[in-house]
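Written below as structure tokens is the structure these notes are about.
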Amino acid sequence: MNIDKTNWLILEELQKDGRMPLKEISRRVGISSPAISERMQKMEEAGIINGYQANVNLKKLGYPMGVYISAKIRFGQAEKFYELIKNTPEIMECHKLTGNDCLLIRANVKNTDDLERLNTGLSHYGELTTSLVLSSVVDKRIYNYSDKRLEMVV
């Protein structure tokens, strides 16, 4: 599927607000609502649009402390560790890495006691390095047509 300028404009609006009405996207992009709907459906079928979700403010839900934890898992402990992190609600993401560390985990916790409890549980499986998020320089990037590095044909 070729992602032309119009598709990029639709994607840009959806990244800003996934619940934006088709009429509003149509007004901003400059084509009819049925054409917007058809293009969105094609991008969904091509796997370019994976879904629509709410952007939850974890601070307002009582989890104000963002942390990144890099982990070196002991030999033979990986499967148990994966099961633990899949069932730990504070863990938002976990990525396998190349380099010195095996995994990078993003979590949100209530306070330092909550962080200590999380680290204690995870440390049974390997060595951890924990970093607190002070602030975010880029929190959510909106990909758009003018970013020429994202030339794309799917």
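Residue numbers run from 1 in the order of the sequence given.
Without hydrogens or angle criteria, Ser32 side chain to Ala35 main chain gives a donor-acceptor distance under 3.5 Å. Checked by atom type and distance alone, the side chain of Asp101 never pairs as donor or acceptor with a backbone atom of Leu103 at under 3.5 Å. For the pair Gln15 (side chain) and Leu11 (backbone), a donor-acceptor distance under 3.5 Å is present. In this structure a side-chain-to-backbone donor-acceptor pair under 3.5 Å is missing from Ser26 to Leu22.
The stretch residues 111-133 participates, sequence neighbours left out, in these salt bridge (Lys or Arg N to Asp or Glu O under 4.0 Å) pairs: Glu90-Arg117, Asp114-Arg117. The stretch residues 17-54 participates, sequence neighbours left out, in no ring-ring contact (aromatic ring centres under 6.0 Å, His included) pair at all. Residue pairs satisfying the salt bridge (Lys or Arg N to Asp or Glu O under 4.0 Å) criterion with at least one member in residues 29-46, sequence neighbours excluded, are listed as follows: Asp4-Arg39, Glu38-Lys42. The ring-ring contact (aromatic ring centres under 6.0 Å, His included) analysis of residues 116-139, with sequence neighbours excluded, yields the pairs Phe81-Tyr125.
Applying the side chain to side chain contact (heavy atoms under 4.5 Å, CB included) criterion to Asn119, with sequence neighbours excluded, gives Ile69, Leu115, Leu128, Thr130. Residues that satisfy the side chain to side chain donor-acceptor pair (under 3.5 Å) test with Glu12, not counting sequence neighbours, are absent from this structure. Every side chain to side chain donor-acceptor pair (under 3.5 Å) that Glu83 has, sequence neighbours left out, goes to Asn87. The side chain to side chain contact (heavy atoms under 4.5 Å, CB included) search around Ser131 returns none, not counting sequence neighbours. In this structure Asn111 satisfies the side chain to side chain donor-acceptor pair (under 3.5 Å) test with no other residue, sequence neighbours excluded. By the side chain to side chain donor-acceptor pair (under 3.5 Å) test, Arg28 pairs with Glu13, Glu24, sequence neighbours left out.
The OG1 atom of Thr112 sits 9.5 Å away from the CG atom of Leu132 when rounded to the nearest 0.5 Å. The structure places CG of Asn7 at 8.5 Å from CD1 of Ile49, a figure rounded to the nearest 0.5 Å.
For the pair Leu122/Ile85, a side-chain contact is recorded, criterion being any heavy-atom separation below 4.5 Å from C-beta on. Taking 4.5 Å as the limit, some side-chain heavy atom of Asn100 sits within range of a side-chain heavy atom of Lys72.
The hydrophobic clustering, which links ILVMFWY residues whose side-chain heavy atoms are closer than 4.5 Å, places Ile36 and Ile142 apart. Under the 4.5 Å side-chain heavy-atom criterion for ILVMFWY residues, no single connected hydrophobic cluster contains both Leu104 and Leu84. Under the 4.5 Å side-chain contact rule for hydrophobic residues, Met43 and Tyr143 share a cluster. Val29 and Met20 fall within a single hydrophobic cluster, where Ile, Leu, Val, Met, Phe, Trp and Tyr side chains are chained together by heavy-atom contacts under 4.5 Å.
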Residues 54-68, side-chain donor-acceptor partners within the protein, below 3.5 Å, at least two apart:
{"residue": "Asn57", "atom": "OD1", "partner": "Lys59", "partner atom": "N", "Å": "3.0"}
{"residue": "Asn57", "atom": "OD1", "partner": "Lys60", "partner atom": "N", "Å": "3.2"}

Given side chain to side chain contact (heavy atoms under 4.5 Å, CB included), test Asn108 with Lys110 step by step and report yes or no.
-> CA-CA 7 Å; Asn108 279 74; Lys110 295 177 181 180; over 6 Å; no

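Arg74 and Gly126 get closest at one heavy-atom pair: NH1-N, 3.0 Å.
Taking a 4.5 Å side-chain heavy-atom cut-off between Ile, Leu, Val, Met, Phe, Trp and Tyr, the cluster of Phe75 contains only that residue.
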